[in-house]
A.B. asks: 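Provided herewith is a single structure, encoded as structure tokens, for subsequent inquiry.
Worth saying up front: this structure is predicted, and the values here are computed from it rather than measured.
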Amino acid sequence: MAMDARRRTVLAAGAAGAAALVAGCSEYGDDGGAPASEKPTPTAPGTDTGTGTSAPSESSAAPAGEELAKTSEIPVGGGKVFAGQKVVVTQPTAGDFKAFSAICTHAGCTVNKVADGTIDCPCHGSKYAIADAAVAGGPAPRPLPPKQITVAGDTIRLT
């Protein structure tokens, strides 16, 4: 009888340890992969995101078809991060607009700038090419997923 009680105690402790281990693992996109000291500080609405333009309010996600920007706001060879909508729009060559998720595929942080031909994540240094969001550097395991936009006249809309 004492052997069965000890076996149950050991099994219960093992199960509790396994549950704690699983609970401690972060899920992709929950921003739990980076220590607090490495996580970027959220951008306040109307502040500069490093692209020379103001970030939209983070609490207002653009519904399908809502205007994101004017084409003139997206520099040729660069781009702009829309943190509130979790999308980055680039213009690799004149008149060629692309959109990708702004959520880094490494640890789920939001990319914060487009510079020198790459989309950059501040958490661990991942970089993505502006033309196709392919990994250009850092620990990111895969490209940023594409997002759907439409360009009509001088207006870019998230669809």
A.B. asks: Might you work through the disulfide (SG to SG under 2.5 Å) test for Cys121 and Cys109, ending with a clear yes or no?
C.D. replies: CA-CA 7 Å; Cys121 180; Cys109 296; 4.7 Å; no
A.B. asks: Enumerate the salt bridge (Lys or Arg N to Asp or Glu O under 4.0 Å) contacts for residues 100-110, please, sequence neighbours excluded, ordered by first and then second residue.
C.D. replies: none
A.B. asks: With rounding to the nearest 0.5 Å, note down the distance linking CZ in Phe82 to NZ in Lys147.
C.D. replies: 13.5 Å
A.B. asks: May I have all residue pairs that pass side-chain hydrogen bond (donor to acceptor under 3.5 Å, both in side chains) and include part of residues 129-140, sequence neighbours excluded?
C.D. replies: none
A.B. asks: Which pair of heavy atoms, one from Thr71 and one from Val151, lies closest together, and at what distance?
C.D. replies: CG2-CG1, 3.8 Å
A.B. asks: Would one find more than 12 heavy atoms of other residues, nucleotides or ligands at under 6.0 Å from atom CG of Asp96?
C.D. replies: yes
A.B. asks: Give a yes or no answer on whether the side chain of Thr90 reaches the backbone of Gly79 with a donor-acceptor pair at less than 3.5 Å.
C.D. replies: no
A.B. asks: Check whether any side-chain heavy atom of Val87 lies under 4.5 Å from a side-chain heavy atom of Phe100, and answer yes or no.
C.D. replies: no
A.B. asks: Apply salt bridge (charged side-chain N to carboxylate O under 4.0 Å, His left out) to Lys127 and list each qualifying residue two or more places apart in sequence or on a separate chain.
C.D. replies: Asp120
A.B. asks: Considering non-hydrogen atoms only, spot the tightest contact between Pro143 and Val135 and give its length.
C.D. replies: N-CG2, 3.9 Å
A.B. asks: For Pro139 versus Gly125, what's the shortest heavy-atom pair and its separation?
C.D. replies: CD-C, 4.4 Å
A.B. asks: Is the backbone N or O of Ala129 less than 3.5 Å from a side-chain atom of Thr118, with the two atoms forming a donor-acceptor pair by type?
C.D. replies: no
A.B. asks: I would like to know whether Lys70 and Thr155 meet side-chain contact (heavy atoms from CB on, under 4.5 Å); could you show each step before the answer?
C.D. replies: CA-CA 5 Å; Lys70 298 293 184 187; Thr155 302; 3.3 Å; yes
A.B. asks: Is the side chain of Thr159 donor-acceptor paired with the backbone N or O of Gln148 at a distance under 3.5 Å, no angle test?
C.D. replies: yes
A.B. asks: First locate atom CG of Asn112, then atom CD1 of Ile119, and finally report the distance between them rounded to the nearest 0.5 Å.
C.D. replies: 11.5 Å
A.B. asks: Measure the spacing between CD of Glu67 and OG1 of Thr150 and express it to the nearest 0.5 Å.
C.D. replies: 10.5 Å
A.B. asks: Any side-chain heavy atom of Ile103 within less than 4.5 Å of one from Thr110?
C.D. replies: yes
A.B. asks: Does the side chain of Cys104 reach to within under 4.5 Å of the side chain of Tyr128, using non-hydrogen atoms?
C.D. replies: yes
A.B. asks: Quick check: closest heavy atoms across His106 and Ser126, and the distance to 0.1 Å?
C.D. replies: CB-OG, 4.0 Å
A.B. asks: As a quick check of understanding, evaluate side-chain contact (heavy atoms from CB on, under 4.5 Å) for Val81 and Val114, giving each step before the final call.
C.D. replies: CA-CA 7 Å; Val81 177; Val114 180; 4.3 Å; yes
A.B. asks: Do Glu73 and Lys80 meet the salt-bridge criterion of a basic N to acidic O distance under 4.0 Å?
C.D. replies: yes
A.B. asks: State the CG-CD1 distance between Leu68 and Ile156, to the nearest 0.5 angstrom.
C.D. replies: 7.5 Å
A.B. asks: Please report the interatomic distance CD1(Ile130) to CD1(Ile74), rounded to the nearest 0.5 Å.
C.D. replies: 11.0 Å
